[in-house]
Enquirer: 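Once you've had a glance at the structure underneath, I'll fire off some questions.
All values below were derived from every heavy atom in this structure, side-chain atoms included, with hydrogens, water molecules and symmetry-related copies excluded. For reference, positions follow the sequence shown, starting with 1.
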Amino acid sequence: MSTATTSAARGRLELREFFRRRDAVVFTFALPAFILVLLGSVFSGRALPGDVSMSQVFTASMVGAGIISTSFITLGVSVANDREDGTLKRLRGTPMPVAAYFLGKLALVAVASAAEVVLLLAVGVGLHGVELPTDPARWLVFAWVFGLGVVSCSLLGIAASAVARSARSAPAVMNLPYIGLQFISGVFINPIVALPAAMVTVASFFPLKWIAQGMRSVFLPDGAAALEMAGTWEHGTTALVLGAWCVVGLGLCLVTFRWTDE
């Protein structure tokens, strides 16, 4: 059996197991949507330059944050669970290629992230007046930002799982940097120009700032680019930073990944 076939089978298994845990599924998908409904409604009446409202800016930013929630956190917690319950140890002793395990996890994350984006956009369109783009070029930007974001954050989630001492502590380990970065990356506090420049400089070293900015470039009018720190969407820099994190994340996985807790 080829690696591709084994990976596809592993991906289907990961999806079945994920969606069987209904409480985890509801929390994974509902939390970003709940935050979007709550905070988006609070700021719904505030207009910003560029012919957009604050709730629309928040929606686009939350789409980026939702991708990290379903990639970085989901994989970090999932791998930590697999390590603690012995799943990784058992899989290591089977003929299944190692790559198939990770590609199966990536398939899970890709499906979950796509579903999260659809849910958040439904909330944004229905409640906050976000308009879906009709220009194919914008959807092309969405595709590469989504792809690079999912891959980079998935690899970082796998690497970060090694930091968790147990499956019970994994959610706290994953959520701490995720929540902190949302505040300094222009997600919870927007537009991003409202933040101190030093905070944004720190956020610029991490993927969330660029994923959120990329999503704003897709779902907001061109005039909203004036609300960014550079005054432009910086697509080239976004691709460069996210691509670099894919490489760094892979390197960290190779260095830190453990099959057992021993």
Enquirer: Check for me, please, whether V77 and V150 land in the same ILVMFWY cluster - side-chain distances under 4.5 Å, paths through other members count.
Expert: yes
Enquirer: Does the side chain of T70 pick up a donor-acceptor pair with the side chain of S113 at under 3.5 Å?
Expert: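 Per modelled atom types, T70 and S113 side chains form a pair under 3.5 Å.
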Enquirer: Any side-chain heavy atom of F219 within less than 4.5 Å of one from T59?
Expert: no
Enquirer: Group every Ile, Leu, Val, Met, Phe, Trp and Tyr by side-chain heavy-atom contacts under 4.5 Å, then state whether L13 and L108 land in the same group.
Expert: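 Per the 4.5 Å side-chain linkage, L13 and L108 are not co-clustered.
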Enquirer: Does a side-chain heavy-atom distance below 4.5 Å link L103 with R10?
Expert: no
Enquirer: So which heavy atom on A170 is nearest to which on G76, and how close?
Expert: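 Taking A170 first and G76 second, the nearest heavy atoms are CB-O, 4.4 Å.
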Enquirer: When you measure from the side chain of S217 to the backbone of G214, do you find a donor-acceptor pair of N or O atoms at a distance under 3.5 Å?
Expert: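 Looks like yes, one N/O pair under 3.5 Å.
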Enquirer: Any idea which heavy atoms bring I158 and S161 closest together, and the distance?
Expert: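 I158 and S161 have their closest heavy atoms at O-OG, 2.5 Å.
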Enquirer: What pair of heavy atoms forms the shortest contact from W139 to P133, and how long is it?
Expert: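 Heavy atoms only, the tightest pair is NE1-O, 2.9 Å.
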Enquirer: Nearest 0.5 Å please: distance from the CE atom of M199 over to the CD1 atom of I189.
Expert: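 The distance works out to 7.0 Å.
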Enquirer: For the CE atom on M229, are there more than 12 heavy atoms of other groups (residues, nucleotides or ligands in this structure) within a distance under 6.0 Å?
Expert: yes
Enquirer: What's the shortest heavy-atom distance between M54 and P191, and which atoms?
Expert: CE-CD, 4.2 Å
Enquirer: Between H128 (side chain only) and L36 (backbone N and O only), is there a donor and an acceptor less than 3.5 Å apart?
Expert: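 Yes, because the side chain of H128 sits within donor-acceptor range (under 3.5 Å) of the backbone of L36.
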Enquirer: To the nearest 0.5 Å, how far apart are CG in L121 and CE in M62?
Expert: 11.5 Å
Enquirer: Looking only at heavy atoms, which two atoms of A65 and Y178 are closest? And how far apart?
Expert: O-OH, 2.9 Å
Enquirer: Which atoms form the tightest heavy-atom contact between L119 and A33, and what is the distance?
Expert: CD2-CB, 3.9 Å
Enquirer: Output yes when a side-chain donor or acceptor of E116 lies under 3.5 Å from a complementary backbone atom of G66, and no otherwise.
Expert: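 No, E116 side chain to G66 backbone: no donor-acceptor pair under 3.5 Å.
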Enquirer: To the nearest 0.5 Å, how far apart are SG in C253 and CG in L156?
Expert: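 It comes to 7.5 Å.
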Enquirer: Under 4.0 Å between a Lys/Arg side-chain N and an Asp/Glu carboxylate O for R138 and D222?
Expert: yes
Enquirer: Is the Lys NZ or Arg CZ of R83 less than 6.0 Å from the centre of F257's six-membered ring, within 45° of the axis?
Expert: yes
Enquirer: Counting C-beta onward and ignoring hydrogens, is there a side-chain heavy-atom pair between L227 and V52 closer than 4.5 Å?
Expert: yes
Enquirer: Flag yes if V37 and V125 sit in one hydrophobic cluster, no otherwise; membership is Ile, Leu, Val, Met, Phe, Trp, Tyr, and two members link when side-chain heavy atoms are under 4.5 Å apart.
Expert: yes
Enquirer: Between Q56 (side chain only) and G129 (backbone N and O only), is there a donor and an acceptor less than 3.5 Å apart?
Expert: yes
Enquirer: Under the criterion side chain to side chain contact (heavy atoms under 4.5 Å, CB included), I'd like the reasoning laid out for I184 against L181: C-alpha separation, chi angles, the key distance, then a yes or no.
Expert: CA-CA 5 Å; I184 67 173; L181 284 172; 3.9 Å; yes
Enquirer: Distance from K209 atom NZ to L242 atom CG, nearest 0.5 Å?
Expert: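 That separation rounds to 10.5 Å.
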Enquirer: For W245 and F205, indicate whether the former's side chain and the latter's backbone hold a donor-acceptor pair under 3.5 Å.
Expert: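 Indeed, once roles are kept as given, a pair shorter than 3.5 Å links the two residues.
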Enquirer: What's the spacing between L195 CG and S185 OG if we round to 0.5 Å?
Expert: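 With rounding to 0.5 Å, CG (L195) is 8.5 Å from OG (S185).
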Enquirer: Do the non-hydrogen side-chain atoms of V117 and I67 ever get within less than 4.5 Å of each other?
Expert: yes
Enquirer: Do L252 and L250 share a hydrophobic cluster (ILVMFWY, side-chain heavy atoms under 4.5 Å, transitive)?
Expert: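 Each belongs to a different hydrophobic cluster.
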Enquirer: So do the side chains of C246 and L148 get within less than 4.5 Å of each other, counting heavy atoms only?
Expert: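 Yes. Closest side-chain heavy atoms under 4.5 Å.
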Enquirer: Any sub-3.5 Å donor-acceptor pair from Q213's side-chain atoms to W233's backbone N or O?
Expert: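 A pair under 3.5 Å: yes.
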Enquirer: F142 vs F146 aromatic rings, parallel, tilted or perpendicular, using cut-offs 30° and 60°?
Expert: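 The arrangement is parallel - the two ring planes meet at less than 30°.
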Enquirer: May I ask you to decide if the ring planes of F58 and F188 are parallel, tilted or perpendicular, using 30° and 60° as cut-offs?
Expert: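 Rings of F58 and F188: tilted, 30 to 60°.
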Enquirer: Check for a donor-acceptor pair, side chain of W210 on one end and backbone N or O of S204 on the other, with a separation under 3.5 Å.
Expert: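 Judged by distance alone, yes, a pair lies under 3.5 Å.
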Enquirer: Among the clusters formed by ILVMFWY side chains lying less than 4.5 Å apart, do F183 and I211 turn up in the same one?
Expert: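 As far as the 4.5 Å side-chain criterion goes, I211 and F183 are connected within one cluster.
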Enquirer: Quick one: pull up CG in L106 and OG in S71 and give me the separation to the nearest 0.5 Å.
Expert: 9.5 Å
Enquirer: Above 12 or not: heavy atoms from other molecules or residues under 6.0 Å from CD of E17?
Expert: yes
